[in-house]
Amino acid sequence: SQQGEEDPQALSIQEGENATMNCSYKTSINNLQWYRQNSGRGLVHLILIRSNEREKHSGRLRVTLDTSKKSSSLLITASRAADTASYFCATYMTTDSWGKLQFGAGTQVVVTP
Amino acid sequence: EAGVAQSPRYKIIEKRQSVAFWCNPISGHATLYWYQQILGQGPKLLIQFQNNGVVDDSQLPKDRFSAERLKGVDSTLKIQPAKLEDSAVYLCASSLDRGQGGSRFTEAFFGQGTRLTVV
C-alpha cells in the first residue's frame, strides 16, 4: 500500500500560472519529500521538509507541511513548459536503525505555452 | 559524481520467462531501493537493502521475485517466472545514510529505470 495520496491526479495550466498540488499521508513521518518525473525518466529529488518544519522554499518551489493534518502542499510559481512532469510526494519514516521511503500516486502536471 | 546506473533500459520477454535487472548505486551509499512503477501509478517499494542486508521486503512477491546486493554495492533483481502483470518500470535508487537518527537521511537518487514488457 502507498503512504501518500496526491490531489489532484492531473493538473493543466498555462505558462506563468501557479500550480498547487497536495499530499496527504497516514502515519507519523521523519520528513516528506517531493520528486519530479519526466516521461520515461527516473525520479529527481526537488525538496525535503522535515517534520519540525512548516514551510520551505527552493527557487520557484514552496512546500508546506502540517503534521497535525498529515498533509503537505507543493506550489510551483510562474510555471514554465519545462515544468510539465509528474510530481510525487514521498514520506520517510524511521525505525531505530533504518528508514523507509514510500511514494504517493502522483500528480500529472501539464503546462501549455 | 556518477549517478545510479541501471541496465538494461528496456526488456521484452514472454510470460513464464525469467529476467534480471542490474543496478550500480552511487559510491558510498549504504541504502539501496528497488521500486516497481506500473504505468500511471507511483513507485511501489519492493525491497530495501542497508549495506548488504535486507531491511524490508514486505511487498516483494517472493514466489517469483528475488534480489541480492553483492558486497553492499551492486544489486540484481530477478523475476522467475514472469507474469503479464509484472509489466512495469523497475527503478533502483540509493541514498546516503550517515548514522543513527532520522536526520541522517537526505534524498534518494534514482536511476533511469528498466522498462519491462511481458507479452
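In the text below, chain A, chain B and the rest are named by the order of the sequence lines, each starting its count at 1. Because only heavy atoms are used, hydrogens play no part in the values below, and waters and symmetry mates are left out as well, while side chains stay in.
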Taking all non-hydrogen atoms of both residues, which atom of L91(B) and which atom of G42(A) are closest, and how far apart? CD2-CA, 4.3 Å
Which bit of Q108(A) comes within less than 4.5 Å of chain B, counting heavy atoms only: side chain, backbone, both or neither? neither
Chain A contact via V89(B) - side chain, backbone, both or neither, heavy atoms under 4.5 Å: neither
Rounded to the nearest 0.5 Å, what's the gap from OG1 on T67(A) to CD1 on I49(A)? Could you check? 9.5 Å
Have a look at T77(A) and tell me which of E17(A), H57(A), R60(A) forms a side chain to side chain contact (heavy atoms under 4.5 Å, CB included) with it. R60(A)
So F88(A) and Y35(A), ring-ring contact (aromatic ring centres under 6.0 Å, His included) or not? Walk me through it. CA-CA 5 Å; F88(A) 296 91; Y35(A) 289 77; 8.7 Å; no
CZ (R80(A)) with more than 12 external heavy atoms under 6.0 Å: no
Structural part of Q48(B) lying under 4.5 Å from a heavy atom of chain A: side chain
Given heavy-atom pairs under 4.5 angstrom as the criterion, report whether the side chain, backbone, both or neither of Q37(B) touches chain A. side chain
If one checks every heavy atom of T31(B) against chain A at 4.5 Å, the contacting part turns out to be neither
